[in-house]
Amino acid sequence: MSSDQRIRAAAQSAVTPARVGLRRLQTQPRGFEIARLVVAAVLSFEFASWLPDTSPRPVLAPLTAILVLQVTLFQTIRHVWQRVVSVVVGVIVAALLSSQVGFSWWSLGLAITAALICGFLMRLGNYILEVPISAMLILSLGTGAAATGRIVETLVGALTGLVAGILTSPVKIQTAEEALEGLSGTMARHLHDIAEAVEKRPEPRTFGELLSQARSLSRDVQHVDGELAQAEESIRLNPQGIGMFRAMVALRETLAALEHCGITIRGLARCLADHANEPEPDREDPLSKSEARSRLATALGHLASALGTYGRMRRQQFATGTTDLEDPLTYHLGAAHEERVKLGELLWADSPDWPLHGEVLVHLDRLRTELEAGRRMRTQGRPTRRLRIPKPSPPATLSPIRRRTDLRRARS
């Protein structure tokens, strides 16, 4: 097996997610969600039936329990507060009006108006309409027992839903970890595709397609950001989420590092697409020669392997605080740096495309240094061993290339 084939096999194995045993609570399936709602509703009905001030069939209690019990404990607490306040305010409005006036069309309109004003002033969200509903029902019945029973049943259902939320609300840390590992694997596979295209030198449209795929990485980043937002909300006010704040900080840092890598991959794809679409010069430029393409493809293959290994390593650190992937990551980053140095020597020639060549080298350096910085990030308060890879030392004459790089990135 040749060296290029070994690199390709290593990259392919690195971008394949490994099964890692996570010490986190798993997201409940649909069956569990149905069961927790049914149990909460039945228990609230039984509790309300034992109280003397409720109706013979206190269905308002299970209705309240189903409405307030949400996926996360924070949402459950918010719905409990809004539900209880809306019912109590509606009952108070109806009680005040029924003591002064009877039930008629104008008193009904007055009750609805007053109830809606109170609901908007108290910012009850989705439960604003519950205020006039409660006011209309109590005003039409005109009895104090009905008002008391409605409040009691609502309190019983809300309390039952709150207890069920405390006991059964999941902590969605594992989902966020899996999303981050999947994002790093997607980026690694895309970078590996770019490496294969560089080595094979296909039609220019292939690099255009790779550029379109690189631009779609931003949507993947947004999806993972949504998963992290749900994980953050799942630990708010949740006793099961105590001590997980540092884990969420580490997850956010990892997402930031992967987002920067995605931006760099998009800039690299933009450079290669521009190079493929340029007219053929009188003489072949250094980047079009087979040796330079092979060096670039090998460097990209190592970076793809490093990117996939980085995602797997971070997930292991999130789960256990330790990892056995530091040495493979160090090897691929070091090998990528060596190939980049050799590629720089090949591209250092008098060519009209020297700004683009320098931009390609800059993107390689940025991708490697971003992974190196992410490699040194702390996870759950545990410091990791510092990665010892020599920093690139580009020639001083490459400084104008870096200034032109910002202009090219702005166009991409």
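Note: hydrogens, waters and symmetry copies are ignored here, and every other heavy atom, side chains too, is used.
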Looking only at atom types and distance, does a side-chain atom of Thr160 sit under 3.5 Å from a main-chain N or O of Ala65, one as donor and one as acceptor?
no
Sub-3.5 Å donor-acceptor pair from the side chain of Ser98 to the main-chain atoms of Ala95, do we have one?
yes
Closest non-hydrogen atom pair, [X] against [Y]:
X	Y	value
Leu303	Ala336	CD2-CB, 3.7 Å
Ala94	Ile138	CB-CB, 3.7 Å
Ser107	Leu139	O-CD2, 3.8 Å
Leu167	Gln240	O-NE2, 3.7 Å
Met248	Ile235	CG-CD1, 3.5 Å
Val93	Ala114	CG1-CB, 4.0 Å

Among Arg368, His302, His337, find the residue that satisfies the side chain to side chain donor-acceptor pair (under 3.5 Å) test when tested with His332.
His302
Kindly list each side-chain donor-acceptor pair under 3.5 angstrom involving residues 69-92, sequence neighbours excluded, with atom names and distances?
unit_1 : atom_1 : unit_2 : atom_2 : d
Gln70  : NE2    : Leu67  : O      : 2.7
Thr72  : OG1    : Gln75  : N      : 3.3
Thr72  : OG1    : Glu233 : OE2    : 3.3
Gln75  : NE2    : Glu233 : OE2    : 2.5
Thr76  : OG1    : Gln70  : N      : 3.0
Thr76  : OG1    : Thr72  : O      : 3.0
His79  : ND1    : Tyr127 : OH     : 3.1
Arg83  : NE     : Thr64  : OG1    : 3.4
Arg83  : NH1    : Glu130 : OE1    : 3.0
Arg83  : NH2    : Thr64  : OG1    : 3.4
Ser86  : OG     : Gln82  : O      : 3.0
Ser86  : OG     : Arg83  : O      : 2.7

Do [X] and [Y] have side chains that approach each other closer than 4.5 Å (heavy atoms only, starting at C-beta)?
X	Y	result
Val171	Asn238	yes
Pro58	Ser49	yes
Ile151	Leu155	yes
Asp365	Arg340	yes
Leu116	Leu129	yes
Glu259	Thr264	no

Give, for atom [atom1] of [X] and atom [atom2] of [Y], the distance between the pair rounded to the nearest 0.5 Å.
X	Y	atom1	atom2	value
Leu191	Ser184	CG	OG	12.0 Å
Leu300	Leu343	CG	CG	9.0 Å
Arg295	Leu364	CZ	CG	13.5 Å
Glu181	Gln316	CD	CD	8.5 Å
Cys261	His190	SG	NE2	13.0 Å
Leu108	Leu97	CG	CG	10.0 Å

Is [X] salt-bridged to [Y], going by a charged N under 4.0 Å from an acidic O?
X	Y	answer
Asp274	Arg270	yes
Glu209	Arg205	no
Glu199	Arg293	no
Arg36	Glu33	yes
Asp225	Arg252	yes

Donor-acceptor pair between Gln174 and Glu178 side chains, under 3.5 angstrom:
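Side chains of Gln174 and Glu178: pair found under 3.5 Å.
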Could you give me the CA-CA distance, side-chain angles and deciding distance for Leu296 and Val360, then say whether side-chain contact (heavy atoms from CB on, under 4.5 Å) is met?
CA-CA 9 Å; Leu296 178 57; Val360 170; 4.0 Å; yes
Stepwise, does the side chain to side chain donor-acceptor pair (under 3.5 Å) test hold for Ser55 with Glu153?
CA-CA 9 Å; Ser55 61; Glu153 292 178 20; 3.0 Å; yes
Output, in order, the C-alpha distance, side-chain angles, deciding distance and verdict of side-chain contact (heavy atoms from CB on, under 4.5 Å) for Thr322 and Gln317.
CA-CA 5 Å; Thr322 59; Gln317 290 175 334; over 6 Å; no
Taking ring-ring contact (aromatic ring centres under 6.0 Å, His included) as the cut-off, I'd like each qualifying pair that reaches into residues 40-65, sequence neighbours left out, listed once.
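Every ring-ring contact (aromatic ring centres under 6.0 Å, His included) pair that includes a residue of residues 40-65, provided the two are not neighbours, is Phe47-Trp50.
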Please lay out, stage by stage, how Leu258 and Leu180 fare under the test side-chain contact (heavy atoms from CB on, under 4.5 Å).
CA-CA 8 Å; Leu258 292 177; Leu180 282 173; 4.1 Å; yes
The test is side-chain contact (heavy atoms from CB on, under 4.5 Å); show your working for Ile194 and Phe207 and say whether it passes.
CA-CA 8 Å; Ile194 295 177; Phe207 289 97; 5.5 Å; no
